[in-house]
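This report refers to the structure that appears directly beneath it.
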Amino acid sequence: MLKIGVLASGRGSNFQAIIDEIENKNLKASIEILITDNPSAFAIERAERHNINHMFINPEDFAAKDEFFKKIADELKSRGVDLVILAGFMRIVRKPLIDAFPDRIMNIHPALLPAFPGMHGQRQALDYGVKISGCTVHFVDGGMDTGPVIIQAAVPVTSDDTEDTLSERILSFEHKIYPEAVRLFSEGRLEIKGRKVVIKNHSAVISNIVNPPIDETDA
Ligand code: GAR
């Protein structure tokens with residue numbers, strides 16, 4: 001069975017979505033540990049509710065960022081983790097962790113990459129004025145939100161959206177596509193070919209593309 005390690009910095013709703021899919025028996029996996037870089041992350045509360053081991057690793061305890069990521073890699077390795085899930089982990093992952101888990105780290109980003117990488121993807125989309133945004137699950141490659149794309153969901157942006165309303169709409173799709181990407185990985189159905197992730201038996205994968213509503217001001 002797939003052994004997962006989760007890294008989170010805050011609320012942990014994507015972590016919860018994966019817990020729920022495992023508990024509902026839609027995903028054959030076990031979460032071996034939650035590691036946070038923030039001792040007050042709500043994700044810790046979720047881990048406790050579901051009897052999942054958790055650990056706070058303080059980045060300030062390490063002289064160099066690489067040492068912090070080496071410690072994370074060592075903790076994950078010692079628990080036999082196969083796949084690392086970044087769930088609202090607000091740091092750029094560095095080489096010691098990437099090298100320890102090549103093509104085995106996933107991230108979720110609240111925009112349609114390569115548009116609007118980095119922080120506040122939803123606000124960037126609003127400020128730019130796009131009509132469609134969404135979310136992306138991708139493998140992590142050391143750049144900022146640059147690794148091969150696994151699944152995306154498109155979400156309409158309406159003229160009266162605020163950062164909060166758009167974030168909430170995107171989040172509901174994050175909670176669908178992240179467990180789906182983990183499930184495809186657990187079934188051995190993801191093959192990385194250069195920049196592309198080929199999904200084997202693709203017809204079985206549900207489409208998350210939604211049409212944008214017609215904005216009355218465009219009529
Ligand atoms: C999610 O919207 C996730 O896409 C975003 O942080 C939020 C975490 O929510 N991640 C990034 O912006 C990474 N660049 P959660 O803690 O409730 O899962």
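Residue numbers count from 1 along this sequence. Whatever order the structure lists them in is the order used to number ligands and atoms, beginning at 1.
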Practice task
Please identify which atoms of ligand 1 are closer than 4.0 Å to at least one heavy atom of G118.
Solution key: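 Near G118, meaning under 4.0 Å from one of its heavy atoms, ligand 1 has 14 (N).
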Practice task
Using a strict 4.0 Å cut-off to heavy atoms of P110, name the atoms of ligand 1 that fall inside it.
Solution key: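 Going through ligand 1 atom by atom, the ones under 4.0 Å from P110 are 4 (O), 5 (C), 10 (N), 11 (C), 12 (O).
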Can you confirm whether the side chains of [X] and [Y] place a donor and an acceptor under 3.5 Å from each other?
X: D145; Y: N107; result: yes
X: H50; Y: Q16; result: yes
X: H54; Y: T36; result: no

Which protein heavy atom lies closest to [atom], and at what distance to 0.1 Å?
atom: atom 13 (C) of ligand 1; result: I108 O, 3.9 Å
atom: atom 14 (N) of ligand 1; result: H109 ND1, 3.3 Å
atom: atom 7 (C) of ligand 1; result: R11 NH2, 4.2 Å
atom: atom 15 (P) of ligand 1; result: S13 N, 3.3 Å
atom: atom 8 (C) of ligand 1; result: G88 CA, 3.6 Å

Practice task
Going by heavy-atom distance to atom 4 (O) of ligand 1, choose the closest among H175, Q16, E174.
Solution key: E174
Practice task
Examine K77 relative to F101 and say whether NZ or CZ is less than 6.0 Å from the centre of the six-membered ring and inside a 45° cone about the ring axis.
Solution key: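 Judged by the rule, K77 and F101 form a cation-pi pair.
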Practice task
Compute both the distance and the angle, then confirm whether K71 meets the cation-pi test with F68: under 6.0 Å from the six-membered ring centre, within 45 degrees of the axis.
Solution key: no
Practice task
Apply side chain to side chain donor-acceptor pair (under 3.5 Å) to the pair E174 and H109, showing each step before the final yes or no.
Solution key: CA-CA 8 Å; E174 293 185 38; H109 182 74; over 6 Å; no
Exercise for the section: Return yes when atom CD of E23 has more than 12 non-hydrogen atoms of other residues, nucleotides or ligands closer than 6.0 Å, and no otherwise. Expected result: yes
Handout entry: Sub-4.0 Å heavy-atom contact, A43 with ligand 1
Key = no
Handout entry: M90 contact mode with ligand 1 (heavy-atom cut-off under 4.0 Å)
Key = side chain
Handout entry: Check: G12 N/O within less than 3.5 Å of ligand 1 N/O
Key =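 N/O-N/O distance below 3.5 Å exists for this pair.
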Exercise for the section: Report the C-alpha distance between D66 and K95 in whole Å, list the side-chain angles of each, state the deciding distance to 0.1 Å, and finish with yes or no for salt bridge (charged side-chain N to carboxylate O under 4.0 Å, His left out). Expected result: CA-CA 7 Å; D66 277 4; K95 206 169 177 310; over 6 Å; no
